[in-house]
Amino acid sequence: MAEQIIFYILAAIVIVFSVMAVTSKRLIRSATYLLFVLLSTAGLYLLLDYHYLFAVQTAVYAGGIMVLFIFAILLTQKPGERITSEPLTQRIMAIVLSVGGLALCGLIIFQDVKKVYHYVTDVEIPVKELGITLMGSGKYQYILPFEAISVLLLACIVGAIMIARKR
Amino acid sequence: MNFLSIFVLIPILMLVAMYFARKRSQINIIAALGGTALLIMSGILTWMYFGERAAGNEDIMLFRADMLWYEAFNIHYSVGVDGVSVAMLLLTSVIVFTGVFASWRIDPLPREFFLWFWLLSAGVYGFFITIDLFSMFMFYEIALIPMYLLIGIWGTGKKEYSAMKLTLMLMGGSALLLVSILGIYYFAGGDTMNLLEIAQRNIPVEAQRYLFPLAFMGFGVLGALFPFHTWSPDGHASAPTAVSMLHAGVLMKLGGYGAFRVAMYLMPEAAHEQAWIFLILTGISVIYGAFSAVVQTDLKYINAYSSVSHCGLVLFAILMMNETAMTGAVMQMLSHGLMTALFFALIGMIYGRTHTRLITEMGGLMKIMPFLGVSYVIAGMASLGLPGLSGFVAEMTIFVGAFQETDTFHRVLTIVAASSIVITAVYILRVVGKILYGKIQDPHHAELNDATWWERVSVVTLIIAVVALGSVPFWISDMIQNSLMPVVNKLMAAI
Amino acid sequence: MGSLFANFSSGIVPLEAYIFVSLVMFFAGIYGFLSRKNLLMVLISIELILNSADINFAAFNRYLYPEHFEGFFFTLFTIAISACETAVAIAIVINIYRNLNNVEVDSLQELQEPELQDTKEQ
Amino acid sequence: MNYSAFLQLHDELSLLAVIVIILIYDIFASEKGARYIQPLSIVLLTVHTVLNAFPRADFEVAGGMYQYYPMLTYIKTILNAGTIILFLQADKWLRDDSVIIRRGEFYFLTLCTLLGLYLMMSAGHFLLFFIGIETASIPMATLVAFNKYNHKSAEAGAKFILSTVFASGISLYGISMIYGAAGTLYFDDLALLITNSPIYIMAMVFFAIGLFFKISLVPFHLWTPDVYEGAPTGITGYLSVVSKGSAVFVLFTIFTKVFANLTAEWQPILYGLIVISITLANIFAIRQKNIKRFMAYSSISQAGYLLLGVISASATGMSSLVYYILVYLFSNLAIFGVISVIEHRTGKVNINDYNGLYQTNPRLSAVMMFALFSLAGIPPFAGFFSKFFIFAAATEQGYYVLVFIALINTVISLYYYLLIVKAMFLNKSDQPVERITTDLPARISLVLCLIMIVFAGLLSSIYQQISALSFI
Amino acid sequence: MEYTLFILILPLLSFVVLGLMDTKWKPRVAGTIGTLVLGTVAALSYYTAWEYFSSANINGVYQKITAFEVVWLKFNDILHINLGILLDPISVMMLVVISTVSLMVHIYSLGYMKGEKGFERYYAFLSLFTFSMLGLVVATNIFQMYIFWELVGVSSYLLIGFYYTKPEAVAASKKAFIVTRFADLGFLIGILILSFYTKTFDFGILTSGDANVFASISGATFMGASVLSWAMALIFIGGAGKSAMFPLHIWLPDAMEGPTPVSALIHAATMVVAGVYMVARLFPVYYVYTPEVLHGIAYVGAFTSLFAATIAVVQTDIKRVLAFSTISQIGFMMVALGVSGLGGQEGTGYMASMFHLFTHAMFKALLFLGAGSIIHAVHSNEMNQMGGLRKYMPVTHWTFLIACLAIAGIPPFSGFFSKDEILAATMHFSPVLGMTMSFIAGLTAFYMFRLYYNIFWGKEHKVQHGRTPHESPFAMLFPLILLATVTVFAGLIPFGEFVSSDGAPYHIHLDPVIATVSVLIAVTGIVLATILYRKENAMPAKMASAFSGLHKAASNRFYIDEVYMFVTKKIIFKRISTPIAWFDRHVIDATMNGMASVTQWTSARTRFLQSGKVQHYAFAILLGALIITALAIFI
């Protein structure tokens, strides 16, 4: 029951701050709201007993990405500057599309997603098992994507540096 | 590779030779040699063809050769000729040969001109010798595209517009055609592209109903079928001499030949069902082209509309679906090819001197350039169907053949089409009277020269061909008639 | 929706709730993308979009297919990818800033369909 | 944990080796030695291509996460060839003062995206697929923004990264739905699990958006003209052929393998997309003045033709698709080669600037014309054959009307291709582009393209080879 | 009798050689060659006639002999065009007529055309014409006839337009060709119908009287008339065109723009009777199967005859007078054929027609050549430029007078005999028609002598263009004299012995009543003309003003030309061709261009889709995704 309450609180935070993040007038506030959303998401992972994921989410998103955002905001914004949105018509279009899309996708998903599931609570996944899964080369094991993403990371680092540095 | 492939190889060889040729004289000599070689080869081919037939060879296609090309789609490079193809090859050779001479002094970029010229010829020759749907279509398109540059670069007037229009309309036609070819291929079992083999199969009638009009219209665009003929006046008016010759003389024949070879031969049931629609269209073409020609003032427009009329007669005769009319159709292709080429050659030569094509600005040219004048009159006479010249033989065969269809619909159409010979006389004589006879309109014209020797070569060759076809038609008509039998029999069986 | 309330009362957090959260987040992100002028805001919206998919993966994995860790790892890798993407995107945004001295989407309009002066050409 | 199986991944490993060598060389080479990075990359890539040009037997690695079948060798070889040609064409540009300092990164990043495409194509699992497609996209954004002090390039980079991430976000959401519905992300397993319930359809569509975006089908194409115009010309070429070609190929394999049960659903979708893509792209292409923008629309309509191979979903479709990619690649790169030569020398990218090109640069204009004809499907150039085959593949499945529409559009496309031919050959100009002596690498690339344009169709063995290996 | 082939080949060769050589040879050489060839042809023709009439009469009937025949063009197994030579009484008779007149014209032209530019061309064209005309008459089948029919038309076109720098000549040649061409269309369609049902083109089979030939056609009807009637009527239209029957006669007066010898040869003696000849050729078919058409021919002929004679009375151009007279006389021949029966006395009309054809050819050629001689001297065609010429040109005067007497039907000149037979036949058929024809004969006498007096009598115009009129050279006089001789004596030929409707010779006998009446009528005409025109007086002008309406209308040839001009210029040009050409440019072409324009228009109007804003791009992507999803799921 407590779990439920925690979930709904988190869910409320995620939803409210998601919306606020994209509607706020100030950039830095948006970033802060986003941080709240990301942290609450990490909380949801925790609630799902994915502790490792919680850690990664917190570290990478809240720790890494947000810092990048803050730097970028500070670099490009004058303090206190209000940022403008698109014209009203476009915002209305965006709202219509988003809400319509939400309705459509929600309808389809809720109609069709599997209703029967067994939820095993309180079973933390042993990190060793995770490690083996990550490093294994069999089915349902992920060494190959792991290696592949290293190339992606490397390429992105090189690319980002190339673009960002003044030369 | 066999004997027939030479007809494609020579133009390709010419392409290479042109690439290396530097001076105008070299270019001209090489081109003339190539043209002569082709003419001689087609002569030899005709002789060999008669020899084979005389020796009792009863195959539909002679000199067959077959080379697997794309196995996945059963595409072969497959060649073979029957009487119709031989006749067409002869025609092409004559026109290529004369076209070379007609463009002896082409300017600018003679080398490039001949490069495209030979590519065009390669396409035309290829089209006539292959009996594989794919290769046929390929050569067909090869023949179309050089037109764009030939007209666009060397043409006159609103050449860019005309070139574009012509290319797009013809390509539009070939788009229809391609759908039809693919349809034929799959509905005939999807294991052969060979015309003769497909002809042995039966394409389902339901499929034919869609494929036949596509194929016929596809080829019809090139054959100036109403209402898809509008590229013709503009295109011809803007094209340089040799290109007009080749285009009206040979390329438009691809339409008739293809319609006969592909549409009629492979889809006889639908041909019977839908002939009436196209008969009306071709009937309109015949009359409409002739009437349009009456009021034109540009020589090339007159001739272009006249081509619409005459080519309409080709398709008209093909749709009559009997031996005589179809023979007439092929004869008309030959005849129209020769005399239109002659016309365009002469118009080009006259234009090259007077720098105008408006008949209102010319007059009395007969006195100034008697050779060209007399040739023009001969061409005109051929066009209006004077006995002894090619037009008469062809038209009479068509009318006699068309009249074999006994119902009122065909009869009335035949009579309507036949009345075009009067209108033809009207516009031909109008032109002759205006530009050749009468007083000299423009004093500057009085100093102009008559034809040069290379122009004479070109004109005389064509006249000889026109006269030969018109006065001794029996050998070629027999050849054509015999070759038509498979098609006619298939059409007869389909009733 | 009826089942949502049924599950609500049965004591387990329903899967639908997670999906609903993710959907709202997804479309909030989309709304942001479509309605904000600032490039960084647009990037923030993109983070929301990517994050919403992550929630889905995790929830599906836990609720429906707990025997393997497919969703789990997908989430893991997606986090890494979004980090990469953010890094590159921010680098590009900074480059834009250097070039144009602002980061408004409206200033990214040098590339667009040109006006046609004359359509009369054959 | 048996990692030796990974040694079978020849292609990826050797490409990775090339990448690493170049990276290390770039980092450690002296100022003087840095000059050799250009020939080095080209040679290494060529060696890599040649070594991996031979098909092997099917195999799977990592429980099916990586799949190999011989056709992949061909498609990868084609992409390699495209990349080599790109490198050859970009050579001159990379010697410019403004970019010379970043040329190491250029090779590195380009090869990384190529590796991403490899992974994407070989993937047997959505995770690997997604990583592959991201590896191909994100570094690509930096390549698009490569001329970073050029406003257009920077803007194009921004537009590219934003829209590509947006598309992959949707795609990712689609993948999550697939997972939610099926419980696995392995292609082989999914093929059996997928049914035609709405969630699968929605998941499939959302997932496919990512690919549609890369293929730039209408209405997912809007980024294309802007990015093509702004990006460095070499990158534009890369985007238009290598990136697009692999995406179409993947679309084919995934749609026919994973979503085979949904064929009845995705075929109409593709049908509609093909029609509007070809038509709209053609309509837009007509009005273009900038040749790179023009080529963007041309490539969009070509994508429509490529999809004809996908929609036919047959062995014929696959072989004609691969063949089409091959021909399209060489034709398009020939055009981009000429564009980049002229752009680099004179900075002119408008179609009007090509007026009278033939007077001064007959060879360049001839190459361009042949390539344009090939794109338009004029015989005897290879494009005619590829078009014919792809149409044949589609008609084989009964798509007569579709083929007809496509053919009518071919005529429109011929119109605008001829506009360029007209500019080069027919139009006269007071100030034509000056006479240009092409540098050797670009010349080699153009000759290569020309050879392929002329002979790839006439020599049937190329198609036969491909056809022998195609499957459903 | 294969040598007859040379009758055709020689002129053809002569045409080709002269045509190719053109100006390379001296005029004299060309003229000599042409004349020599024609002399040979004439000799051959006479020999043929001699041999034919002496040997071909078997069992009292002249046989049809096919001297030569090859298949020229095979249409199918049944129908094929043959080229050959058919000898029967009428063709042999025509051979003689054509070669004689042609030879005369050749000789005459040596003098008349001397010094003209294009002398060689002229002889080439003459050879071509002779070839075509000979080919026409010896045709073994109807299609061969059509072929040569066309060739004759072209030769005529070329010769009328000989003075091609003269706009009137060009217009006249064009008119002649197009009008006859129009008629030929009828001929062609007629041939098509006839041959389709009878399965043959061959005259021999068609006229053999074998009912099986027409078995399949006899039942067929079209628009109330039998198909055979249609066919034969259409064929007759072809003949009417060539023979200038109303209303297709309009080309003939204009054709006088050609050189006068040409008018003599083509537009008086030979080509214009081709229609008559053709009807005669197919006479058995007309008579047996389609008598109503035959009667129609008679009425058309009669009307034309009257009509043309009326016009001839008021024309002032001497060649025009002769031209209308020709039309009128051909009308006579047509009437004769139309009223004829088959066999023996019944066939008098047929025989008379042929007889008249023969005599008319001679005296009309003589008239034209004489007129040429006058024009040569006076350099004008107009009557009022002449007068009193008899002193200066005695030979011309006398020969012309002979011809005038002949055409007026005064015995013993040839015209009397032939015309008398015609009147007899007509009278036998229908007295009203006979009376009409007699009246026309009187009219003929009147206008011929009006012509005669105006030229040779009356006021003299001594000095014309600075020269005194003088007699023509011998080359021109010789044919005049020769033809005059023939004209005088030809009437005595027992024509019925040679030519008859069924091939069997029979004796012709003069009906004394009709002969007397007709002579009286003719004399009346002559006397009237003498009173009016022998001396200049005011009576003609009074007459003209008395009948001013009629006179004006007749002078303007009853406005038929204007009607034609209206039809061609106003209807064909303005109402058909111009709209069609306009339609082609502005509707069909515009539609094709319109497709391109629509594409371009769309292209120009769709710019907003590509705004350059990345949000719009994303918007499109999402919207696309949602729409596709919705469509895929809910449809």
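Throughout, a chain's letter reflects where its sequence line sits, starting with A, and its residues are numbered from 1.
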If you look at every heavy atom in [X] and [Y], which pair is closest and at what distance?
X	Y	value
C/Ile49	D/Gly169	CG2-CA, 3.8 Å
C/Asn95	D/Ala154	ND2-CB, 3.6 Å
D/Lys152	C/Leu111	O-CD1, 3.6 Å
D/Ser176	C/Ala53	CB-O, 4.1 Å
C/Gln112	D/Arg293	C-NH2, 3.2 Å
C/Ile96	D/Ala158	CD1-CB, 3.8 Å

Quick one: what part of [X] sits under 4.5 Å from any heavy atom of chain D, side chain, backbone, both or neither?
X	result
C/Ser52	both
C/Val93	neither
C/Ile55	neither
C/Ser45	neither

If I measure from the heavy atoms of chain C, does [X] come under 4.5 Å with its side chain, its backbone, both, or neither?
X	answer
D/Tyr297	side chain
D/Ile286	neither
D/Leu222	neither

To the closest 0.5 Å, what do you measure between [atom1] ([X]) and [atom2] ([Y])?
X	Y	atom1	atom2	result
C/Leu108	D/Asp226	CG	CG	10.0 Å
C/Ile81	D/Thr135	CD1	OG1	7.0 Å
D/His151	C/Ser107	NE2	OG	10.5 Å
D/Glu155	C/Asn99	CD	CG	10.0 Å
C/Glu85	D/Thr164	CD	OG1	9.5 Å
D/Tyr179	C/Tyr65	OH	OH	7.5 Å

Please determine, among C/Thr78, C/Asn61, C/Val42, the option with the most heavy-atom pairs under 4.5 Å with chain D. C/Asn61
For a 4.5 angstrom cut-off between non-hydrogen side-chain atoms, does [X] reach [Y]?
X	Y	result
D/Leu162	C/Ile46	yes
D/Phe160	C/Ile92	no
D/Tyr173	C/Asn56	yes
D/Phe126	C/Glu70	no
D/Leu185	C/Phe57	yes
D/Phe130	C/Phe77	no

Applying a criterion of heavy atom separation less than 4.5 Å, what residues of residues 30-40 of chain C form contacts with chain D? C/Ile30, C/Phe33, C/Leu39
Taking D/Thr142, D/Leu172, D/Thr184 one by one, which has the highest count of heavy-atom pairs under 4.5 Å against chain C? D/Leu172
